[in-house]
Amino acid sequence: MRKGLAKIGVALSALGALLSGCFYLAPIEPDPEPEDVLPYIDALGGVNPRMGTYTVNLSVNEGRQQFTVTGYGDDNIDQELFHRMVIDYRLANISSNPITATVPRTILPESRDQLSYEFTACSPHQTYPEAIKDGHVISFHVVLADDQFKFFNQYFMGEDFSLPFETRSGRRAVWVSWNVQFVGACQ
């Protein structure tokens, strides 16, 4: 009988040790911050017109062309995005402040709609009308970032071409580009 009670005592002690181990609570660690990734543009399926060289006829509709980006976003869904248009006139032999940009616009997380820019080559307010001629080419970029751009001004020196694509944090932006070739003449 003593042996039986001793075995029961050992079994109860072992069960108590096991049960006390089951109730140990580990400290709860907070979820790690999600990795901050760059935004993206679907250059193949979300850009109109297709990237590459695009011809604008200056004799038709004031040389007006719409550039649209529909396929874009950021895996960090709560992050604000910033976008701007940048035009490089160096291919048209403009050397004094040859790069212009629109002031950046903000895209709130709940309003990620298409990005549209209308370029009117024959506008009387065109920055460099001498660049808008038959046979001339300029570069047109739509730029997207998940941080404020480093520079908000609209003019850049030729050697500072990378500046419109840099953010205040030093992160690079993403962009899509066209070479716009002009034919005809403004009416």
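The CD1 atom of I94 lies 10.5 Å from the OG1 atom of T100; values are rounded to the nearest 0.5 Å. Atoms CD and CG, from E80 and L108 in turn, are 5.5 Å apart once rounded to the nearest 0.5 Å. Note: I107 CD1 to L144 CG = 5.5 Å, rounded to the nearest 0.5 Å. The structure places OG1 of T120 at 11.5 Å from CG of L58, a figure rounded to the nearest 0.5 Å. We find the CZ-OG1 distance between F151 and T167 to be 11.5 Å, quoted to the nearest 0.5 Å.
Partners of D146 under the salt bridge (Lys or Arg N to Asp or Glu O under 4.0 Å) rule, at least two apart in sequence or in another chain, are R171. Contacts of N61 classified as side chain to side chain donor-acceptor pair (under 3.5 Å), with partners at least two apart in sequence or in another chain: R64. Applying the side chain to side chain donor-acceptor pair (under 3.5 Å) rule to D74 yields no partners; only residues at least two apart in sequence or on another chain are considered. Scored by the side chain to side chain donor-acceptor pair (under 3.5 Å) test, Y117 finds H83 as partners (sequence neighbours excluded). For D36, the side chain to side chain donor-acceptor pair (under 3.5 Å) test picks out Q79, with sequence neighbours left out.
Applying the side-chain hydrogen bond (donor to acceptor under 3.5 Å, both in side chains) rule to pairs touching residues 135-144 yields S139-N179, H141-S177, sequence neighbours excluded. Within the structure, every pair that satisfies the ring-ring contact (aromatic ring centres under 6.0 Å, His included) test and touches residues 56-75, not counting sequence neighbours, is listed here: F67-F140, F67-W178. Within the structure, side-chain hydrogen bond (donor to acceptor under 3.5 Å, both in side chains) pairs that include any residue of residues 104-115 comprise Q114-S116 (at least two apart or interchain). Within the structure, the salt bridge (Lys or Arg N to Asp or Glu O under 4.0 Å) test picks out no pair touching residues 123-144 (sequence neighbours left out). Sorted by first then second residue, the disulfide bond (SG atoms under 2.5 Å apart) pairs that include residues 45-131, not counting sequence neighbours, are C122-C186. Listed by first and then second residue, the disulfide bond (SG atoms under 2.5 Å apart) pairs involving residues 35-78 amount to none (not counting sequence neighbours).
For the pair V86/W175, no side-chain contact is recorded, criterion being any heavy-atom separation below 4.5 Å from C-beta on. The shortest side-chain heavy-atom distance between F149 and R168 does not fall under the 4.5 Å cut-off. V180 is not listed as a side-chain neighbour of V137, based on a closest heavy-atom distance of 4.5 Å or more.
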* **Verdict with supporting geometry, V183 and V56, side-chain contact (heavy atoms from CB on, under 4.5 Å)** => CA-CA 6 Å; V183 297; V56 170; over 6 Å; no
* Under the side-chain contact (heavy atoms from CB on, under 4.5 Å) rule, what do Y89 and N97 come out as? Steps first, then yes or no, please. => CA-CA 9 Å; Y89 290 95; N97 294 327; over 6 Å; no
* **From CA spacing to verdict: side-chain contact (heavy atoms from CB on, under 4.5 Å), I87, I138** => CA-CA 7 Å; I87 302 175; I138 63 171; 3.7 Å; yes
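Residues I77 and P109 share a closest heavy-atom pair of O-CB, 3.3 Å. The two residues Y128 and P98 come nearest to each other via the heavy atoms OH-N, 4.3 Å. Residues A173 and V143 approach most closely at CB-CG1, 3.6 Å, considering heavy atoms.
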Please tabulate, for the side chains in residues 46-53, all donor-acceptor contacts under 3.5 angstrom to protein atoms that are two or more places apart in sequence or on a different chain.
from, atom 1, to, atom 2, distance (Å)
R50, NH1, L44, O, 2.3

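F165 does not carry R172 over the face of its six-membered ring by the limits of under 6.0 Å from the centre and within 45° of the normal.
Using a distance-only test at 3.5 Å, with no hydrogens or angles considered, a donor-acceptor pair links the side chain of N57 to the main chain of S59.
Note on V174 and M85: same hydrophobic cluster, where clusters join Ile, Leu, Val, Met, Phe, Trp and Tyr whose side-chain heavy atoms are under 4.5 Å apart, directly or indirectly.
A donor atom on one side chain and an acceptor atom on the other are not found under 3.5 Å apart for Y54 and Q181.
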